[in-house]
Protein chains: 2
Amino acid sequence: MRRTQPAPAFPSPGHDHAPCLKETLKRASDAFEANGLRLTPLRRRVLEEVAGSHHAVGAYEILERLSQKERTRMAPISVYRALDALLEMGVVHRLESRNAYFACHAAHGKHGARQIVLACERCAMVAEIATPAAFEAIDGAARGTGFAPTRVMVEVAGLCTSCAASPQ
Amino acid sequence: MRRTQPAPAFPSPGHDHAPCLKETLKRASDAFEANGLRLTPLRRRVLEEVAGSHHAVGAYEILERLSQKERTRMAPISVYRALDALLEMGVVHRLESRNAYFACHAAHGKHGARQIVLACERCAMVAEIATPAAFEAIDGAARGTGFAPTRVMVEVAGLCTSCAASPQ
DNA sequence: GTTCTATGGGTACAATATAACACTATTCGC
DNA sequence: GCGAATAGTGTTATATTGTACCCATAGAAC
Ligand SMILES: [Zn+2]
Ligand SMILES: [Zn+2]
Ligand SMILES: [Zn+2]
Ligand SMILES: [Zn+2]
């Protein structure tokens with residue numbers, strides 16, 4: 001169970017993603033169980049679509065992929081309900097600035113949800129990184145005005161390493 | 001032109017909003033002119049709706065208000081086009097986490113768009129506050145991964161002073 | 001005048017998300 | 001086992017948010 005390397009925020013496009021996916025599924029399963037709920041087949045299939053890469057995907061894209069793979073016609077609401085459950089468990093996050101969803105591949109149970117989100121404008125790849133100093137500054141500034149924060153969203157749009165390097 | 005007091009981040013609900021509105025309209029007019037564009041009647045009307053308070057409003061809410069006031073039936077696209085122009089000029093911002101729009105009442109030409117957004121979950125009141133330390137931490141963390149940021153969005157959901165004080 | 005850009009009216013449509021209702025599956029207490 | 005409570009899903013329809021496309025007008029540039 002040793003980690004030879006801390007996973008980079010943006011894994012290379014050709015990296016072996018199987019471990020990422022497996023770990024995420026495991027965390028999901030544990031999270032549901034810890035809350036007396038279940039990672040049902042539907043939820044698992046939706047999660048597999050989202051967690052199949054480090055990219056943000058739209059709800060309707062998930063819907064289409066599942067409908068193709070399984071030759072069924074699911075209703076949007078089914079996907080949204082599964083997503084809601086996964087969001088609730090914290091294994092999927094919503095990219096607010098793009099109405100999209102991405103799997104939490106970062107083990108950030110420790111910091112709560114306090115990670116900033118980096119999202120590539122070109123390829124939609126997403127990375128979360130812990131940035132305590134940022135959240136402390138934000139909390140302090142907010143409280144200084146009398147505001148009582150309940151949730152902090154930090155999303156950074158830009159170019160990921162791969163896209164910044166590639167032409168165009 | 002002296003300011004007796006720095007405006008509080010969350011002005012009291014009963015404050016005299018006329019100066020806020022006037023100043024925002026002036027900045028808008030200047031910004032359009034500086035870019036060789038015009039604060040047309042349509043754009044001005046849309047801005048007046050948005051800047052009429054410190055609250056975030058939806059595009060369709062703007063549409064309905066204008067349609068009522070002017071007894072016309074505008075198309076959504078007209079409002080969105082005006083909003084796009086106002087966003088471009090930086091006199092209106094988009095609250096990404098709520099698909100809503102709010103006027104920039106903060107004079108933050110100086111810091112670029114580098115202010116964090118506090119948005120009340122109950123009343124939708126919005127305030128922007130400069131928080132250089134947060135943006136520095138975010139920039140640093142992002143660049144440290146090889147990510148090239150182009151836009152940073154910080155939105156804090158919670159309760160504003162008034163709502164936190166009032167029961168329920 | 002001709003040309004270019006900015007502006008926006010009008011129609012239809014795309015993309016994202018939820019409401020309402022019925023039904024099945026699982027758990028829990030007894 | 002049995003009934004009640006809760007979790008989970010299917011089905012249908014609808015709500016909310018945002019654009020594509022085509023064309024008409026106004027003003028500035030040349
Ligand atoms: Zn991976
Ligand atoms: Zn990229
Ligand atoms: Zn005001
Ligand atoms: Zn409030």
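Just the heavy atoms: all of them, side chains too, but no hydrogens, waters or symmetry mates, feed the values below. In what follows, chains are A, B, ... by sequence order, proteins preceding strands, each numbered from 1.
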How many Å lie between [atom1] on [X] and [atom2] on [N], as a whole number?
{"X": "B:R38", "N": "C:dG8", "atom1": "CZ", "atom2": "C1'", "value": "11 Å"}
{"X": "A:L86", "N": "D:dT9", "atom1": "CG", "atom2": "P", "value": "10 Å"}
{"X": "B:E70", "N": "C:dG9", "atom1": "CD", "atom2": "C1'", "value": "14 Å"}
{"X": "B:M74", "N": "C:dG9", "atom1": "CE", "atom2": "P", "value": "6 Å"}
{"X": "B:M89", "N": "C:dA6", "atom1": "CE", "atom2": "P", "value": "11 Å"}
{"X": "A:F32", "N": "C:dT27", "atom1": "CZ", "atom2": "C1'", "value": "18 Å"}
{"X": "B:L63", "N": "D:dT19", "atom1": "CG", "atom2": "C1'", "value": "15 Å"}
{"X": "B:L42", "N": "C:dA6", "atom1": "CG", "atom2": "P", "value": "17 Å"}

Within the sub-3.5 Å range, which N or O atoms of nucleotides 14-22 of chain C have a protein N or O partner, and how far apart are they?
residue : atom : partner : partner atom : Å
C:dA17  : OP1  : A:R94   : NH1          : 2.4
C:dA17  : OP1  : A:R94   : NH2          : 3.0
C:dA17  : OP2  : A:Y80   : OH           : 2.9
C:dA17  : OP2  : A:Y101  : OH           : 3.3
C:dA17  : O5'  : A:Y80   : OH           : 3.4
C:dA17  : N7   : A:Y60   : OH           : 2.7
C:dA17  : N6   : A:Y60   : OH           : 3.4

Side-chain N or O of [X] less than 4.0 angstrom from OP1 or OP2 on [N]?
{"X": "A:T40", "N": "D:dT9", "value": "yes"}
{"X": "B:R43", "N": "C:dG8", "value": "yes"}
{"X": "B:S78", "N": "C:dG9", "value": "yes"}

Mind grabbing the angle between the end helix axes of the helix from C:dG1-D:dC30 to C:dC30-D:dG1? Five pairs an end, 10° rounding.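 The angle, to the nearest 10 degrees, is 30°.
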Below 30° counts as parallel, above 60° as perpendicular, anything between as tilted: where do the rings of A:H105 and A:H54 land?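 Taking A:H54 first and then A:H105, their aromatic rings sit tilted (interplane angle of 30° to 60°).
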